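Below is one structure, written out as structure tokens, with a few remarks after it.
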Amino acid sequence: MQEDLAQIFCAALSCVCALLIIATWLFGRAAPRVNFSVRLVTYFAVANLVTSGMAIINDVDRLRVGDAVCVMFALLEWYSTLASWLWTGAIAVAFRVCFQTGTIDLSAIVERKMHAVCWLAPAALLGAALAMGASFGSTDPSTGHCGWIDTHGRNKVADASADVVILGCLLTVTLGDCWAVVSVYLILRNLRKCTASEPLAAQQPARNQQMWRTFTAYVVAFVCTQGPRGLWDAGRDARPGALSSAQLVGKQAVFCLSYSHGFCNAVVWGMSNKQLWQR
């Protein structure tokens, strides 16, 4: 229990931040109509709230629940984790669309497509993993922790499904975010070279720069918090076995970073929406 206190603290901090974002969105209805990032980060906060909440349940209560409930807990945590990653990718795509089209908001049809992908794709990915033999439930009978069960090589197809879904989704979103950053950078560079005829560059240069800083901050927050865990999981797949004391410390740091994603996004959200926060 004691070794999990840092993870519990980070997950609890992300929960509090997610609740603040959701509450501010509910009581600040005017801003979402003109600020797409407020809406999208709120949707991310909903997914992250479930992820962080399930992490706390697993690390604090360690309830000896029934098998069916444990499976439900594990599936819910991984569904919300994948959804939060995809919403991070949606945020990057949304910024790119706005820079590319010279607008300051998304069209309704684009936002609906984002909802369809970010909420339905995780269920499809987990369904595919189950079809490949993946199993969810108690990963350690002594602790009661519920998660994605590693067969440790006994079922290579099932273990491969975890790599395909988890690392595949993480890598796809990371590459998509980096592509969006490079694309927007090129758009801004070309705009500086021309006569700035785009509405976003010509009429609101200050907002243009603010959006760029906010956009890169969201991408950096995702890469820095989720990237190390992806590398850790890949390393563990390559070299399974018992962990040394140094590796246990590394695992603790990696998981703390992962659970801090909601907090980091909330910091970026608060710094870029000060008027909404003050209201």
Side-chain angles (χ1 to χ4, degrees), residues 21-22 24-25 28-48 82-122 124-125 168-226 261 264-273 275-276:
I21 291 174
I22 295 169
T24 306
W25 177 78
R29 288 286 186 175
R33 288 196 291 269
V34 296
N35 190 339
F36 69 90
S37 67
V38 171
R39 297 193 303 273
L40 299 190
V41 174
T42 302
Y43 306 146
F44 160 84
V46 171
N48 184 257
L82 296 175
S84 67
W85 291 351
L86 290 173
W87 273 116
T88 303
I91 292 169
V93 170
F95 273 102
R96 180 184 180 276
V97 169
C98 289
F99 275 104
Q100 189 176 38
T101 60
T103 60
I104 59 173
D105 203 359
L106 297 175
S107 65
I109 190 170
V110 169
E111 197 160 330
R112 291 193 194 102
K113 289 179 180 178
M114 289 179 175
H115 276 286
V117 172
C118 294
W119 295 125
L120 297 180
L125 289 172
C169 183
L170 183 59
L171 181 60
T172 299
V173 174
T174 301
L175 291 177
D177 286 357
C178 294
W179 165 76
V181 168
V182 173
S183 179
V184 170
Y185 171 77
L186 294 176
I187 291 171
L188 291 177
R189 189 182 67 175
N190 291 334
L191 286 176
R192 285 193 295 267
K193 290 181 179 180
C194 66
T195 57
S197 59
E198 295 289 340
L200 187 63
Q203 299 176 12
Q204 298 181 356
R207 186 180 183 88
N208 194 19
Q209 292 302 317
Q210 180 185 355
M211 287 179 64
W212 167 249
R213 290 192 295 267
T214 302
F215 169 48
T216 53
Y218 279 127
V219 173
V220 169
F222 172 75
V223 173
C224 290
T225 58
Q226 304 304 308
H261 189 197
C264 293
N265 258 16
V267 170
V268 178
W269 175 90
M271 293 299 294
S272 58
N273 297 282
Q275 292 181 348
L276 178 62

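Worth knowing before you read on, the calculation uses all heavy atoms, side chains too, and leaves out hydrogens, waters and symmetry mates. Owing to the predicted nature of the structure, the values given are computational and were not obtained by experimental measurement.
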Where do Ala47 and Ala83 come nearest, in terms of heavy atoms and distance?
CB-CB, 4.0 Å
Once the angle between the rings of Tyr43 and Trp25 is folded into 0 to 90°, is it parallel (under 30°), tilted (30 to 60°) or perpendicular (over 60°)?
perpendicular
Can you tell if the side chain of Val184 reaches within under 4.5 Å of the side chain of Phe95, non-hydrogen atoms only?
no
Are the side chains of Arg39 and Phe44 in touch, meaning some heavy atoms are under 4.5 Å apart?
no
Any non-hydrogen side-chain atom of Trp212 less than 4.5 Å from a side-chain atom of Val181?
yes
Nearest-0.5 Å distance, CH2 of residue Trp85 to NE2 of residue His261:
10.5 Å
Side-chain touch Cys169/Leu86, heavy atoms, less than 4.5 angstrom:
yes
Scanning both residues in full, the closest heavy-atom pair of Ala221 with Asn265 reads CB-OD1, 3.9 Å
Can you find a heavy atom in the side chain of Leu106 that is under 4.5 Å from one in the side chain of Leu40?
yes
The complete set of side chain to side chain donor-acceptor pair (under 3.5 Å) pairs with one or both residues in residues 172-182, sequence neighbours excluded, reads none
Evaluate side chain to side chain contact (heavy atoms under 4.5 Å, CB included) for Phe99 paired with Leu186, printing each intermediate quantity in order.
CA-CA 10 Å; Phe99 275 104; Leu186 294 176; over 6 Å; no
Within the 4.5 Å heavy-atom criterion, are Tyr218 and Val41 side-chain neighbours or not?
yes
Heavy-atom side-chain proximity of Trp269 to Thr24 below 4.5 angstrom
yes
Closest non-hydrogen atoms of Ser107 and Val110, given as atom of the first, atom of the second and distance, are OG-CG2, 3.1 Å
How about Thr88 and Gln226: do any of their side-chain heavy atoms sit closer than 4.5 Å?
no
Heavy-atom closest pair, residues Ala90 and Met114:
O-CE, 3.5 Å
Looking at every non-hydrogen atom in both residues, tell me the closest pair between Arg96 and Ser183 and how far apart they are.
NE-OG, 2.8 Å
